[in-house]
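Here the structure is laid out as structure tokens; the discussion comes afterwards.
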Amino acid sequence: MNYILAIESSCDDTSAAIISNGEVLSNKVATQEVHQNYGGVVPELASREHIQKIIPVVSAALKEAKIKTADLDAIAVTKGPGLLGSLIVGVTFAKSLAQSLNIPIIEVQHMQAHVMANFAGESKPEFPFICLTVSGGHTQLVLVKDYLNMTILGQSIDDAAGEAFDKTGKMLGLKYPSGPIIDRLAQQGQSVYEFPKSKVGKHEFSFSGFKTAVMYFLRRETDKNPKFIEQNLNNICASIQNSICETLIEKLSIAAEEYGVNTLAMAGGVSANSELRKRFNELCSANNYKAFVPPISLCTDNAGMIGMVGWYKYLDKNFSDLSIAPAPRMQF
Ligand code: KG4
Ligand code: ZN
């Protein structure tokens with residue numbers, strides 16, 4: 001039996017998980033509520049919260065998996081990309097514990113981990129497949145050729161899909177992160193407003209023009225009727241969600257056809273979105289693609305997915321040494 005402790009602290013979630021033979025035994029996430037009233041993550045506050053939460057979260061993950069630190073065989077940790085101060089907490093904690101237990105440390109690229117969350121279930125995607133990774137900081141179309149062999153086909157040239165949800169939600173007066181709130185409100189509304197689509201390369205995304213269009217639309221309508229947002233909130237949310245999801249699925253569909261894959265996957269916080277999941281499943285069933293989306297607990301930031309990369313690197317004995325340092329702009 002082998003046990004890997006995985007640690008994730010790249011943004012505003014402090015998370016620890018225990019993975020054994022590729023199976024996630026426990027996956028604890030402490031979400032930082034302190035950012036809600038600021039409309040986005042405040043880096044300094046995030047670092048301080050990670051420091052307070054990391055030990056209780058690791059203890060809870062060990063307890064749920066019914067093991068002790070002495071049982072651990074390796075520690076996997078997010079090296080990047082992410083906020084420098086946040087990453088420092090996870091990496092420093094992981095290095096210290098690995099050194100004290102004299103066990104190897106495994107560095108993990110966070111975006112690769114989002115994709116690898118698709119391997120946590122019983123049934124696993126076959127290679128090659130294309131994954132649409134949609135999070136708060138990234139929007140990527142990834143061609144996955146093997147466990148840790150992935151190429152980015154295209155990504156957002158400006159805002160990520162999650163940012164498009166969060167920033168338009170902020171314009172509506174919703175709390176951060178607004179993605180899940182828009183998802184909930186949209187279920188009671190209709191997509192009746194149209195926003196222009198960006199014109200970028202076929203595998204690229206751009207959401208900054210969309211964001212500006214929503215801003216001007218809201219300004220125009222509230223000039224006419226100051227209660228416009230309040231009176232039409234559900235429909236505005238449904239229209240924003242519809243517009244973002246349409247772009248994402250359209251691009252995924254083009255890439256799937258071009259690369260001739262028969263399996264598609266999604267990953268990242270935005271893949272928790274109910275409309276996006278619905279459209280993804282429709283795309284897959286219409287084209288006979290096999291569809292993979294992790295459970296919601298493995299879509300939003302969590303250490304379970306970090307442990308999945310950790311597990312495959314552990315099998316390859318792909319270890320790092322204690323000189324590793326956080327890499328806020330780490331690529332794969
Ligand atoms: O992957 P993630 O947890 O963190 C990053 O690595 O960024 O993604 C967070 C993003 C946020 O922008 C949040 O608003 C969005 O995922 N999100 C959603 C939903 N749940 C989380 N967006 C739309 N609908 C949801 N249900
Ligand atoms: Zn993430």
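Whatever order the structure lists them in is the order used to number ligands and atoms, beginning at 1. Because the structure is a prediction, the values reported are computed rather than measured.
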The closest protein heavy-atom partner of atom 14 (O) of ligand 1 is Asp166 OD1, 2.7 Å

Is the side chain of Asp166 donor-acceptor paired with the backbone N or O of Pro177 at a distance under 3.5 Å, no angle test?
no

Output yes when a side-chain donor or acceptor of Gln32 lies under 3.5 Å from a complementary backbone atom of Ala46, and no otherwise.
yes

Please confirm whether His110 approaches ligand 1 to less than 4.0 Å, judged on its heavy atoms.
yes

For atom 1 (O) of ligand 1, which of the options Gly269, Ala160, Gly82 provides the nearest non-hydrogen atom?
Gly269

With a 4.0 Å cut-off, would you call Lys224 and Glu221 a salt bridge?
yes

Which one of Gly136, Ala164, Gly179, Gly169 has a non-hydrogen atom at the shortest distance from atom 8 (O) of ligand 1?
Gly136

Asp301 vs His114 side-chain heavy atoms within contact, under 4.5 Å
yes

For the side chain of Ser96 and the backbone of Thr92, is there at least one donor-acceptor N/O pair under 3.5 Å apart?
yes

Taking only non-hydrogen atoms of Pro180, do any sit less than 4.0 angstrom from ligand 1?
yes

With a cut-off of 4.0 Å, which atoms of ligand 1 are near a heavy atom of Ala272?
20 (N), 26 (N)

Atom indices of ligand 1, in the order listed, that fall short of 4.0 Å to a heavy atom of His114:
1 (O), 6 (O)

Only residue of Asp159, Thr168, Asp158 satisfying side-chain hydrogen bond (donor to acceptor under 3.5 Å, both in side chains) with Lys211 is Asp159

To the nearest 10°, what's the angle at the Zn ion (ligand 2) between atoms NE2 (His110) and NE2 (His114)?
100°

The Zn ion (ligand 2) - name of the N/O/S atom of Asp301 that sits closest to it:
OD1

